[in-house]
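Below, chain A is the first sequence line, B the second, and so on; all start at residue 1.
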Amino acid sequence: MIEILFQMLVFPGLAAAFAIGFLYQGIERKVSAHAHHRIGPPVWQPFMDWVKLMSKENIKPKHGIGFLMTLCPIISFASLLTVILFIPIGNFVLFSFTGSLFVVIYFLVMYSVFYAFAGFASGNPFGYVGGIREIMQIVSYEFPFIVSLLTIGFLTNFRVVPFLSLEFPFALFAFLAGVLGKLCLPPFHIPEAEQEIVAGHLTEYSGPRLAMFGLSKAIGFWVLVSLGAVYFLGANGLISFFACSLVILAVLIIIRTLFARLRISQAFRLYWFVIGPLAVIDLVRVIVGFY
Amino acid sequence: MHEYVLPFGPQHPALLEPLHIKLKVEGETIVGSDISLGYNHKGIEKSFENRWWAKGMYLSERVCGICGHFHTSTFAQGIENMLGLEVPERANYIRVLIGELERIHSHMLALGVVAYEMGLDTLFHYIFRDRELVMDLQELLTGNRVHFCMNVIGGVRKDINMENTRRVEENLEKIEERCHHYIKLFKNDATVKRRTQHVGFLSKQKAKELTPVGPNIRASGMDYDVRETGYFAYKYMNFKPITGEGGDVLERCVVRFKECIDSVRMVRKCLLEMPKGKVKVNVPPVVKIKEGLETVSRTEAPRGELIYYLKSAGDKPYRVKIRTPTYQTFHILGHILNGYEIPDVPVIIASIDPCISCADRMTVVDAGTNKERMVTMKEVRERRK
């Protein structure tokens with residue numbers, strides 16, 4: 001019982017996700033700042049932002065739906081926290097059963113969908129456009145993302161267990177592209193493009209509500225990077241896990257500093273006509289046993 | 001899909017200046033736009049009228065923070081024309097030199113902003129890092145990074161600092177190399193090309209009708225450049241306008257980079273061929289010009305043709321009318337925005353390099369009836385009473 005509580009609340013659950021998520025986000029900001037020839041904020045800056053936002057007033061805009069605006073960040077935060085319990089980090093895993101991969105996929109989609117709903121709930125034209133774009137982006141990246149997970153799923157009985165899958169490079173590629181889309185990192189930071197639609201779906205959010213979205217995004221970093229480390233790089237044991245997750249993080253940072261933001265139509269075409277077919281190649285290889 | 005109105009500005013992260021555009025949007029496609037100005041009225045033209053000519057020079061530098069040297073040059077040129085002053089050759093060369101340096105830094109600023117609007121922060125920071133090379137040169141040669149206050153009536157205030165010519169040459173070489181690199185990057189990089197090619201297209205025919213100025217019209221294939229007329233020392237520079245054929249955002253960016261390279265050439269030529277001698281003609285502190293005399297003075301600022309209309313009232317101007325290049329350019333937005341998507345809006349706006357605070361005039365919004373209207377000078381006088 002105590003072990004379960006420890007896993008849920010301390011490692012790899014709430015506390016670790018909180019700390020390492022913010023740390024990864026901080027590293028991401030710091031390293032990409034150096035790539036820009038800037039100094040960048042200290043690595044604990046995302047955490048400091050969170051603390052400051054939590055202490056602020058909760059403002060509901062006139063046309064916003066307050067209930068939904070509170071619900072969206074909480075659900076997206078909770079669904080990500082649930083995903084952690086399904087991923088074997090080190091040797092800690094709470095739920096591991098045949099088909100647990102589908103639960104992971106389900107909760108990861110929940111997170112994105114409520115991100116989009118947040119925009120609609122705020123009653124702001126920028127939030128509205130941001131919501132539409134987020135939905136469009138979900139429709140685009142979920143196909144290659146899910147196909148890449150299913151590729152490995154066929155080999156692991158749809159259980160999330162450490163698995164080294166370097167013979168499926170297209171699946172790994174599609175997974176990374178999906179992570180970029182899910183975390184709204186360049187070149188897919190389309191839903192929160194500040195130059196076009198201010199902050200997109202988060203335009204009207206402030207105070208604790210925004211802080212919860214910041215937290216869920218930080219945990220998103222932790223969850224998706226660990227999923228990649230475990231499921232594609234086969235991280236087994238704590239040290240190899242952190243090494244693998246930092247490798248994935250490094251790849252994400254390199255990609256994010258290299259590309260300009262795409263238009264939503266271009267992103268849609270890229271995901272469905274380039275990355276999607278590549279991911280399907282690996283899936284077909286697994287199904288017909290050619291690997 | 002139903003049509004809705006998306007406000008763009010006056011406070012918007014993409015637009016650092018107060019321009020308000022109401023975009024009529026269907027889904028993500030723009031079907032119409034309505035541009036309104038009037039958020040930033042400095043009353044600068046009126047302020048000229050109660051200053052002596054010499055003091056107006058400092059005021060005209062403050063019209064714009066980026067191309068201040070061109071404003072003073074144009075103002076000074078107008079006054080000198082009215083006085084019939086012959087400016088020393090060295091002063092003419094210095095005016096060209098500082099102006100071309102300022103053109104490089106203005107173009108680099110505009111291009112960095114285009115990169116930022118595309119969401120490519122890396123390129124933005126790189127271009128701004130390289131812009132520092134020009135800023136350093138300006139500081140080295142004149143003592144200031146911006147607002148050099150070099151122009152006075154009848155020449156320039158002081159000679160440029162020629163002590164460290166090796167560093168000047170080093171920096172110019174670096175700028176030239178980086179500009180070549182960026183042209184290659186804009187033309188070849190996958191995402192940059194996707195965001196800029198065939199976006200914000202202005203055909204040569206339409207450019208003739210709408211007559212924007214500066215790099216915007218040159219990128220559409222028209223070779224209109226005031227520097228061709230050979231004012232100041234441009235007559236010795238073998239100057240040829242740089243034009244492009246594309247008419248899209250990419251072409252405007254490439255034309256700006258090519259102009260930067262050409263400016264580097266002209267700066268080198270100035271430093272090499274500058275004659276020795278006096279840098280200004282002495283004029284009395286309070287210049288008197290015959291009352292009622294009027295003139296039009298024009299130069300090519302980084303954003304295009306800059307026009308000053310001056311009419312004298314003795315020791316002060318009777319009227320100063322400034323037509324900034326942006327004023328002549330920003331109405332093309334209504335044409336080049338249509339049919340593109342929301343993500344293209346900031347890129348297109350940045351690509352015409354607007355300087356709103358230079359161009360803005362006054363509007364009054366009646367809060368009761370929600371109507372906007374322009375206020376004439378006569379009404380302002382009546383309101384003041």
*With respect to chain A, which residue among B:Asp344, B:Val5, B:Val192 yields the maximal number of heavy-atom pairs within a distance under 4.5 Å?*
B:Asp344

*Look at the aromatic rings of A:Phe22 and A:Trp50 and report parallel, tilted or perpendicular, splitting at 30° and 60°.*
tilted

*Any side-chain donor-acceptor pair under 3.5 Å between B:Asp353 and B:Ser351?*
no

_Salt bridge check, A:Lys182 against A:Glu142: does any charged N sit closer than 4.0 Å to a carboxylate O?_
yes

*What part of A:Arg38 is in contact with chain B, defined as an atom under 4.5 angstrom from a non-hydrogen atom: side chain, backbone, both or neither?*
side chain

*Heavy-atom pairs under 4.5 Å with chain B, option from A:Met136, A:His37, A:Arg256 with the top count*: A:His37

*May I ask you to say whether A:Lys217 pairs ionically with A:Glu192, meaning some side-chain N is under 4.0 Å from a carboxylate O?*
yes

*Name the member of A:Gln266, A:Arg133, A:His189 that forms the most heavy-atom pairs with chain B at distances under 4.5 Å.*
A:Arg133

*Charged N-O contact under 4.0 Å between B:Glu259 and B:Arg218*: yes

*Could you look at B:Arg129 and say if it's the side chain, the backbone, both or neither that has a heavy atom under 4.5 Å from chain A?*
side chain

*Where on A:Ile190 is there a heavy atom nearer than 4.5 Å to chain B: the side chain, the backbone, both, or neither?*
neither

_Between B:Arg194, B:Arg195, B:Met118, who has the most heavy-atom pairs with chain A when the cutoff is under 4.5 Å?_
B:Arg195

*Mark yes or no for whether A:Asp282, through its side chain, and A:Phe170, through its backbone, hold a donor-acceptor pair below 3.5 Å.*
yes

